[in-house]
Amino acid sequence: MMQGLTVSGHRRHVIYPTVGTVLLVLGGLLCAGGQQAVRAQASASSPDPRAGQWRLVLDGERVAWPDTVATASPSRVRATGRRVLRHLRRKGHYYATIDSVSVDTSSAGPDVRFYARRGPQVRVGTLRLRGDSAVPATELRALMETEEGAPLRPDRLEADVQRLLDRYEEAGHPLAQIRVAETMAPAAERAALRVTLQIDEGPALWLRRVEALDDARATPELLAYLAGLEEDESLRGYDPDAIQRRLQAHELFETVGPPQLRVADDGGAVLQIPIEEAPPGAFDAVLGYLPPSATRNSGQLVGSGHLVLQHLFGGGRRAEFALDRRPGRTSIVDVSVADPYLFGRPVRLAGRFRGEQRDSTYGERVYELEGGYRLGNGLELTATLSREAVRPGPAGTPVRGTRQHIPRATTLFYGVGVRYRQLDRSRNPRRGVSLNVQLSQGRKERRLRRVAASGDTTRISDSFRQERLRGRVRTYLPLFDRQVLVAGGDGSVLLSRDYDRSDLFRLGGATSLRGYDEDRFAGNVVARGLVEYRLQLDRASYAHAFFDLGYVARPGLGATTATQGWHPGYGLGMRLQTALGRISASYALNPQVQSPANGRVHLGLSVGL
């Protein structure tokens with residue numbers, strides 16, 4: 001009889017001997033003295049230290065040397081013999097013995113032969129489970145590959161025990177223990193073992209609360225939600241490694257340590273998760289230089305400032321403020337706030353205001369409300385509602401051709417979308433996919449002055465429907481060590497009966513089509529495909545080479561005709577995480593530049609708060 005082996009369901013924090021260890025010890029006891037029968041027959045000279053040929057003779061027949069048995073110098077015959085016995089016992093021959101070993105050094109290389117006997121193959125006579133109640137015994141036996149009457153395989157039995165423990169974790173008993181309570185051979189049959197597994201199911205756990213460090217901003221409710229747990233519910237399928245991975249995938253945390261579980265006598269569990277949170281915010285500043293061009297006699301500086309406050313009040317809330325200065329006396333202000341875990345549920349609610357002033361031509365104000373519901377596995381369904389108002393400025397009020405240059409308009413859009421995000425890490429990902437697609441429609445109400453056939457100027461109002469599609473996708477594919485291929489694209493499409501200049505999408509610049517001026521192109525259909533080759537320097541830094549290909553289709557406006565075209569751009573860049581903050585730089589060209597000195601340069605600095 002062999003007793004005392006214990007395997008715990010909470011096994012990631014428990015050190016225990018393997019089932020194979022017990023069975024090998026059993027085999028050693030059953031064949032005690034087998035190794036003592038080894039006798040060495042060697043020539044008078046000492047064996048050559050070089051490894052020679054190793055041969056195995058089983059029950060009088062020569063067999064191939066086992067691949068699982070490592071050999072060494074012939075002087076290590078005893079150690080190799082122990083490996084041979086372990087190999088035979090793993091096959092179920094627990095009574096195997098080595099009769100003798102012959103070492104012949106008369107040839108160029110020593111010739112070592114082991115003469116062994118397998119003995120009877122040990123079978124499982126009876127297999128019993130004791131202490132099962134939370135999971136039916138029939139279900140447990142269905143999970144096991146070890147069967148009565150079959151040869152006893154230690155590795156297979158150990159794998160069976162792990163499967164049983166996993167099943168108990170799913171049933172809400174993560175502290176279950178299984179031990180081999182009995183392995184003995186019946187007196188009547190030496191080659192059969194009676195195996196009994198004693199199950200200690202432990203308490204049926206329920207999650208009382210989730211805790212972090214005392215100075216952590218994250219609330220217990222947020223940690224429980226991000227970890228995929230529910231307080232005051234049964235702790236089924238408890239997997240500390242999976243919990244750690246889920247939390248580490250969020251950009252709210254810099255590092256996440258292994259969760260620790262404390263259990264009270266009543267089965268209430270407290271899960272403590274050591275976390276190091278990311279900075280509560282960051283300020284980004286981007287400065288760009290645009291060289292002289294056909295429409296610009298001198299170079300021009302452009303730039304933007306971006307303030308991000310995240311994880312507000314410990315609930316993962318986020319606020320953003322951005323001010324963007326673009327060519328042609330264009331200014332954009334963008335303000336947004338979002339609660340990604342509204343009421344502790346998988347519901348996101350965000351509000352946004354965007355104001356744009358195009359010199360003295362027109363101004364646009366956008367008020368947007370967006371909601372999202374996460375279905376799990378990185379998939380989210382979204383719904384949007386926005387009101388967009390355009391007001392002409394002094395340069396947009398005059399009549400050009402037959403109508404007012406920029407009409408006064410108001411559009412109400414509503415739509416649905418889908419988001420999908422599955423990345424191995426939020427910053428500098430190495431593998432994964434991110435997708436964001438939105439489809440919306442609305443009705444545009446506008447008022448403008450038009451020149452009638454008689455030559456008189458009249459004020460008219462009209463209304464018509466518009467449809468809009470926006471999308472963005474990125475894929476990350478690891479190539480070699482620290483090398484990643486990034487491919488993707490983004491684009492916008494507007495379908496309408498009539499178009500105004502304020503309806504068009506802008507393309508060009510460091511965040512859209514690299515190698516061109518900011519807002520260089522405008523159209524009702526704009527798209528960009530990109531390919532990047534990244535060399536990752538660390539978890540947050542990389543250098544890259546990129547190629548962009550843009551497409552722009554512009555409708556006819558007034559006296560202008562419709563146009564379309566392709567626009568490639570390419571260049572180099574880097575992003576470095578330093579003690580000061582994240583520093584980024586890029587240099588981009590397009591085929592139309594006259595010299596490398598006319599490339600577009602952008603420098604950025606992001607400082608944590």
Side-chain angles (χ1 to χ4, degrees), residues 12-13 207 209-231 235 238-262 269-284 306-320 337-348 350 372 374 376-380 419-434 474 476 536-542 575-582 606-609:
R12 295 172 181 86
H13 307 289
L207 184 62
R209 65 180 179 275
V210 178
E211 293 181 348
L213 300 179
D214 294 337
D215 56 349
R217 301 190 308 275
T219 62
E221 295 78 12
L222 177 62
L223 285 176
Y225 171 74
L226 296 180
L229 304 172
E230 292 188 23
E231 295 185 352
L235 199 58
Y238 172 68
D239 188 342
D241 293 337
I243 293 174
Q244 186 178 5
R245 287 194 304 270
R246 293 190 196 110
L247 294 178
Q248 190 66 67
H250 287 270
E251 58 184 10
L252 299 178
F253 310 108
E254 290 284 353
T255 60
V256 179
Q260 304 294 330
L261 193 65
R262 301 199 313 269
V270 177
L271 186 65
Q272 189 173 56
I273 307 176
I275 60 173
E276 180 182 347
E277 295 173 303
F283 177 75
D284 299 350
H306 185 202
L307 176 63
V308 180
L309 301 177
Q310 60 184 1
H311 207 18
L312 297 176
F313 311 112
R317 302 172 186 87
R318 182 182 180 96
E320 297 185 56
V337 293
D339 188 340
Y341 314 105
L342 192 64
F343 305 122
R345 309 306 299 174
V347 177
R348 178 175 59 88
R374 285 178 292 276
N377 296 325
L379 183 63
E380 180 185 49
R419 289 186 176 186
Y420 179 75
R421 180 182 174 91
Q422 199 69 263
L423 303 176
D424 57 350
R425 52 179 181 254
S426 58
R427 293 186 300 173
N428 199 11
R430 179 171 172 81
R431 183 190 303 274
V433 178
S434 66
R474 295 288 186 274
Y476 302 86
Q536 294 185 328
L537 306 177
D538 55 39
R539 291 184 62 87
S541 305
Y542 62 86
R575 189 178 75 173
L576 301 177
Q577 188 68 36
T578 67
L580 179 63
R582 187 178 68 243
S606 177
V607 181
L609 301 180

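This one's a predicted model, so the numbers in the text were calculated from it and none came from an experiment.
Considering CZ of Arg425 and CZ of Arg427, their distance stands at 10.0 Å, rounded to 0.5 Å. If you take CG on Leu252 and CG on Leu247, they are separated by 9.5 Å, rounding to the nearest 0.5 Å. To the nearest 0.5 Å, the span separating CG on Leu229 from CD on Glu221 amounts to 13.0 Å.
Residues Pro258 and Pro240 fail the side-chain proximity criterion, which asks for heavy atoms closer than 4.5 Å. Looking at Asp424 and Tyr476, their side chains never come closer than 4.5 Å, going by heavy atoms from C-beta outward. The shortest distance between side-chain heavy atoms of Ile243 and Leu271 falls below 4.5 Å. Side-chain atoms of Val308 and Phe283, non-hydrogen and from C-beta on, never get closer than 4.5 Å to each other. Within the 4.5 Å cutoff, the side chain of Leu223 has heavy atoms near those of the Ile275 side chain. The shortest side-chain heavy-atom distance between Arg431 and Gln422 does not fall under the 4.5 Å cut-off. Here the side chains of Leu379 and Asn377 are not in contact, with every heavy-atom distance at 4.5 Å or above. Residues Pro346 and Tyr225 meet the side-chain proximity criterion, which asks for heavy atoms closer than 4.5 Å.
When all heavy atoms are compared, the tightest approach of Asp284 to Arg582 is OD2-NH2, 3.9 Å. Contact record, Ala319 with Leu312: CB-CD1, 4.0 Å, taken as the closest heavy-atom pair. Smallest separation of non-hydrogen atoms from Leu222 and Gly316: CD2-N, 3.7 Å. When all heavy atoms of Arg246 and Ala227 are compared, the closest pair comes out as NH1-O, 2.6 Å. Contact detail for Gly257 and Gln244: the closest heavy-atom pair is C-NE2, 3.7 Å. Across all non-hydrogen atoms, the minimal contact from Pro429 to Ser426 is CD-O, 4.1 Å.
The one candidate from Arg539, Gln536, Arg575 that meets the side chain to side chain donor-acceptor pair (under 3.5 Å) condition with Asn428 is Gln536. For the side chain to side chain donor-acceptor pair (under 3.5 Å) with His311, the lone residue among Arg217, Arg318, Glu277, Arg317 that qualifies is Glu277.
Residues passing the side-chain contact (heavy atoms from CB on, under 4.5 Å) test with Val347, sequence neighbours excluded: Leu342, Arg345, Tyr373. With sequence neighbours left out, Ser541 forms a side-chain contact (heavy atoms from CB on, under 4.5 Å) with Leu537, Asp538, Leu576, Gln577.
Arg421 places no side-chain N or O within 3.5 Å of a backbone atom of Gly378 that could act as its donor or acceptor partner. Between the side chain of Gln310 and the backbone N or O of Ala282 there is no donor-acceptor pair closer than 3.5 Å.
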Subject >> Pair Arg348-Arg419, side-chain contact (heavy atoms from CB on, under 4.5 Å): steps then yes or no >> reply: CA-CA 12 Å; Arg348 178 175 59 88; Arg419 289 186 176 186; 3.5 Å; yes
**OP:** Just do the side-chain contact (heavy atoms from CB on, under 4.5 Å) check on Arg430 and Tyr542 with the steps written out, would you?
**Re:** CA-CA 11 Å; Arg430 179 171 172 81; Tyr542 62 86; over 6 Å; no
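Under a 4.0 Å N-O distance rule, the pair Glu231/Arg209 does not qualify as a salt bridge.
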